[in-house]
Engineer: 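Can you keep this structure in mind? I'll have questions shortly.
Numbers here simply count residues along the sequence, with the first being 1. What you see is a predicted model; the values in this text were computed from it and never measured.
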Amino acid sequence: MTKADIIEGVYEKVGFSKKESAEIVELVFDTFKETLERGDKIKISGFGNFQVRQKKARVGRNPQTGKEIEISARRVLTFRPSAVLKAALNGEQIPENHSELDAAEEAAADAAEAAGLDPEDFDEELEDVGPLAASAGGLKAKAE
């Protein structure tokens with residue numbers, strides 16, 4: 001899907017003119033961009049969270065030559081899908097308590113980050129044990 005497809009969808013579903021639809025979509029993307037540039041999180045209920053994270057400089061390896069190279073520190077954008085989006089992608093029924101599940105997953109990610117761990121490292125483990133186990137306490141026990 002492209003930005004033009006999104007503009008077309010807004011045009012068809014909302015009934016604004018194509019020009020108005022394009023302006024709205026551009027405004028939304030500009031707002032997202034400005035928010036992320038400031039380093040703030042974007043939380044969209046039922047969809048997911050966008051967050052800018054700081055990566056430290058580290059030593060990597062060129063896979064072709066095996067030679068070590070320094071990978072510079074940088075900011076990266078991460079996306080954590082909500083429990084609702086995960087369920088929809090997997091053809092599962094959306095749980096009635098989806099806001100509680102999203103909050104539990106967010107708390108688990110925050111707890112991992114506070115403990116100096118990368119929350120992305122726990123995504124697969126949390127999916128294996130189920131969303132209800134993805135509480136801050138459950139993650140703390142797994143990290144220890």
Engineer: Looking only at non-hydrogen atoms, find the nearest pair between Ile44 and Asn49 and report the distance.
Structural biologist: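 Shortest heavy-atom separation between Ile44 and Asn49 comes out as N-OD1, 4.2 Å.
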Engineer: Identify the two heavy atoms, one from Leu85 and one from Phe79, that lie closest to each other, and give their separation to 0.1 Å.
Structural biologist: CD2-CZ, 4.0 Å
Engineer: Please round to the nearest 0.5 Å and tell me the distance separating atom NZ of Lys56 and atom CD1 of Ile71.
Structural biologist: 14.5 Å
Engineer: Do other residues, nucleotides or ligands put more than 12 heavy atoms under 6.0 Å from Phe50 CZ?
Structural biologist: yes
Engineer: Of all the heavy-atom pairs spanning Ile7 and Lys18, show the shortest one and how long it is.
Structural biologist: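 Scanning both residues, the minimum pair turns out to be CG2-O, 4.1 Å.
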Engineer: State yes or no: do Val14 and Ile24 share one hydrophobic cluster built from I, L, V, M, F, W and Y residues joined by side-chain heavy-atom distances below 4.5 Å, directly or via other members?
Structural biologist: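 In one cluster with Val14: Ile24, yes.
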Engineer: Can you list every pair that meets ring pair (Phe, Tyr, Trp, His ring centres under 6.0 Å) and has a residue in residues 21-42, with sequence neighbours left out?
Structural biologist: none
Engineer: For Ala57, does its backbone N or O pair with a side-chain atom of Ser72 as donor and acceptor, under 3.5 Å?
Structural biologist: no
Engineer: Run the numbers on Ile42 and Leu36 for side chain to side chain contact (heavy atoms under 4.5 Å, CB included), then give the verdict.
Structural biologist: CA-CA 8 Å; Ile42 297 175; Leu36 294 168; 3.8 Å; yes
Engineer: For the backbone of Gly66 and the side chain of Arg61, can you confirm whether one donor and one acceptor N or O come within less than 3.5 Å of each other?
Structural biologist: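 Flag set: sc Arg61 to bb Gly66 pair under 3.5 Å.
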Engineer: Please report the shortest heavy-atom distance between Lys41 and Thr35, naming the atom on each side.
Structural biologist: O-CG2, 4.1 Å
Engineer: Test side chain to side chain contact (heavy atoms under 4.5 Å, CB included) on Arg74 and Gln54; report intermediate values, then the result.
Structural biologist: CA-CA 6 Å; Arg74 65 203 181 283; Gln54 184 66 39; 5.6 Å; no
Engineer: So, the side chain of Asp5 versus the backbone of Met1: is there a donor-acceptor pair under 3.5 Å, distance only?
Structural biologist: no
Engineer: So, does Asn90 use its side chain to make a donor-acceptor pair with the main chain of Glu92 at under 3.5 Å?
Structural biologist: no
Engineer: Quick one: do Val28 and Phe47 end up in the same hydrophobic cluster if we chain Ile, Leu, Val, Met, Phe, Trp and Tyr together by side-chain heavy atoms under 4.5 Å apart?
Structural biologist: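 Linked within one cluster.
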Engineer: Heavy-atom distance under 4.5 Å between the side chains of Gln64 and Asn62, does that happen here?
Structural biologist: yes
Engineer: To the nearest 0.5 Å, how far apart are CD in Gln51 and CZ in Arg80?
Structural biologist: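 Gln51 atom CD to Arg80 atom CZ measures 9.0 Å (nearest 0.5 Å).
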Engineer: Can you tell me if Glu20 uses its side chain to pair, donor with acceptor, with the backbone of Ser17 under 3.5 Å?
Structural biologist: yes
Engineer: Check whether any side-chain heavy atom of Glu26 sits under 4.5 Å from a side-chain heavy atom of Lys3, and report yes or no.
Structural biologist: yes
Engineer: Counting C-beta onward and ignoring hydrogens, is there a side-chain heavy-atom pair between Val10 and Val25 closer than 4.5 Å?
Structural biologist: yes
